Amino acid sequence: MKLKKKLILKEKNMKAVILAAGMGNRLKEVSEGLPKSMIKIGKSSIIHHQLESCMNVGIKNFVIVLGYKYEQLKKHILEKISSDQVTFIENSIFATTNTLHSLWLTREYLDEDFIYFNADVLFQSGLLKKISEPSEYSQLLLETKSCAEEEVKMIIDEDMRILEISKTLHIPNCAGEFIGIGKFNKDILDRFVHYLQFGVDNGQSNNYFEYAVDLLAKDEVLKAIPTDGVPCIEIDFPEDLAKAKEMFSL
């Protein structure tokens, strides 16, 4: 199965925000001390695959949050894109914070539609086509399946509106897993930043950014967009890495 699928599209008026600050402790036995996003799948690292997928659908500008091995990962990213395409933000307290805090650090750059990525998600380029076009509502990609406790889950209604999103939801009520990729429209970003700030102010900096998304979903319409079987995987554990290498054999 080929990971790369070239999509020739015009440049989009949006950016990609990638959170890549973490250490990836659950993969340290196979990462050899590298940041998780630098682990290779085939000939390219996870984050290089992400950057190329963005560029294949016309997304050329990036905001990337780094922390663990900041300089090494920054240098690696700049092998794929130029310095004028990217704004790097440092999460200096990455060891004691999580994605909510990292995304909060980007708040002054959340001024237009953006695609969100966790830096450990591997997927086919075509998956971005589902959410990179203009849409009335912000959209989060949903892999419809029976979920495990560790996974970020969604409860949705019959119109695909997201009602709740969290790791702690009652599994039988959930439609599937949020795979760590979403598009947030400019018109809701003030509220989104408000809830990120609320989280930081209330001791949630070591929580996942879905804490703020869950609050946002009570105010704004967020839509779940099924992946429809397009291959994707979030790589948290060694077994995920092994599965990713099977899924995306390059």
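Small disclaimer: the values here were computed from a predicted structure and weren't measured. Just so it is clear, the values below take in all heavy atoms, side chains as well, and ignore hydrogens, waters and symmetry mates.
- Lys15 has a carboxylate O that lies under 4.0 Å from a charged side-chain N of Asp111, or vice versa, which qualifies the two as a salt bridge.
- Between the side chains of Ser135 and Lys183, at least one donor-acceptor pair of N or O atoms lies under 3.5 Å.
- Residue Met14 is grouped with residue Phe123 when hydrophobic side chains (ILVMFWY) are merged at heavy-atom distances under 4.5 angstrom, including chains of intermediate members.
- The shortest distance between side-chain heavy atoms of Glu210 and Ser166 does not fall below 4.5 Å.
- A pairwise comparison of heavy atoms in Gly176 and Leu142 identifies C-CD1, 3.4 Å as the closest pair.
- Glu150 has a carboxylate O that lies under 4.0 Å from a charged side-chain N of Arg26, or vice versa, which qualifies the two as a salt bridge.
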Open item on the list: Applying salt bridge (Lys or Arg N to Asp or Glu O under 4.0 Å) to Arg191 and Asp219, what does each step give before you reach the verdict?
Closed with: CA-CA 8 Å; Arg191 292 301 292 166; Asp219 285 349; 2.7 Å; yes

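- Between Phe248 and Gln124 there is a side-chain heavy-atom pair separated by less than 4.5 Å.
- A donor-acceptor pair is defined here as one N or O able to donate and one able to accept, closer than 3.5 Å; such a pair exists between the side chain of Gln50 and the backbone of Val121.
- Under the 4.5 Å side-chain criterion, counting only non-hydrogen atoms from C-beta, Leu66 is in contact with Ile77.
- In Lys218, the NZ atom is crowded: over 12 heavy atoms of neighbouring residues, nucleotides or ligands sit closer than 6.0 Å.
- Clustering of Ile, Leu, Val, Met, Phe, Trp and Tyr by side-chain heavy atoms under 4.5 Å joins Met23 with Tyr68, Phe94.
- Results of the salt bridge (Lys or Arg N to Asp or Glu O under 4.0 Å) test with Glu177 over Lys167, Lys153, Lys145 single out Lys145 as the only residue that passes.
- Defined by atom type and a distance below 3.5 Å, a donor-acceptor pair is present between the side-chain atoms of Asn91 and Thr97.
- Environment of CD in Glu149: sparse, with no more than 12 heavy atoms of neighbouring residues, nucleotides or ligands closer than 6.0 Å.
- Looking at Lys36 and Asp236, a side-chain N of the basic residue comes within less than 4.0 Å of a carboxylate O on the acidic one, giving a salt bridge.
- The shortest distance between side-chain heavy atoms of Arg107 and Leu196 does not fall below 4.5 Å.
- Between Lys130 and Asp228, at least one side-chain nitrogen of the basic residue sits less than 4.0 Å from a carboxylate oxygen of the acidic one, meeting the salt-bridge criterion.
- Cluster membership for Leu78 and Met38, using ILVMFWY side-chain heavy atoms within less than 4.5 angstrom, is shared.
- Aromatic rings from Tyr208 and Phe178 are positioned such that their centres are separated by 6.0 Å or more.
- Shortest non-hydrogen contact noted between Ala20 and Ile47 is CB-CD1, 4.3 Å.
- With contacts defined as side-chain heavy-atom distances shorter than 4.5 Å, the pair Ile39/Ile235 does not qualify.
- Exactly one residue among Leu19, Thr106, Leu110 makes a side-chain contact (heavy atoms from CB on, under 4.5 Å) with Val63. That residue is Thr106.
- Remark: the backbone N or O of Met160 is paired with a side-chain donor or acceptor of Asp157 at under 3.5 angstrom.
- A donor-acceptor pair shorter than 3.5 Å can be found between the side chains of Gln85 and Ser82.
- Put simply, CG on Leu103 and CG on Asn98 are 11.5 Å apart, with the number rounded to the nearest 0.5 Å.
- Phe192 places a side-chain heavy atom less than 4.5 Å from the side chain of Val213.
- Atom-to-atom distance recorded for Thr96:OG1 and Asn206:CG is 7.0 Å, nearest 0.5 angstrom.
- Aromatic rings from Tyr116 and Phe209 are positioned such that their centres are separated by under 6.0 Å.
- Between His101 and Trp104, the ring planes are tilted. Angles from 30° to 60° get that label.
- Within 6.0 Å of the CG atom in Asp190, the count of heavy atoms belonging to other residues, nucleotides or ligands does not exceed 12.
- Taking OG of Ser146 as the reference point, atom CD of Glu151 lies at 8.5 Å (rounded to 0.5 Å).
- Of the possible donor and acceptor atoms, none in the side chain of Lys223 sits under 3.5 Å from a partner among the backbone N and O of Ile162.
- Ile89 and Ile81 sit in two unconnected hydrophobic clusters of ILVMFWY residues. Membership requires side-chain heavy atoms under 4.5 Å apart, directly or through other members.
- In this structure, Val17 is a member of the same hydrophobic cluster as Tyr211, with clusters built from ILVMFWY side-chain heavy atoms closer than 4.5 Å.
- Once rounded to the nearest 0.5 Å, the distance linking CD1 of Ile156 with SG of Cys174 reads 10.0 Å.
- Across all non-hydrogen atoms, the minimal contact from Ser44 to His48 is CB-CB, 4.2 Å.
- Between Leu140 and Ile225 there is no side-chain heavy-atom pair separated by less than 4.5 Å.
- Under the 4.5 Å side-chain heavy-atom criterion for grouping Ile, Leu, Val, Met, Phe, Trp and Tyr, Ile41 is connected to Leu27 within one hydrophobic cluster.
- The two atoms that bring Ala16 and Ile59 nearest to each other are N-CG2, 3.9 Å, heavy atoms only.
- Taking 4.5 Å as the limit, some side-chain heavy atom of Phe117 sits within range of a side-chain heavy atom of Leu128.
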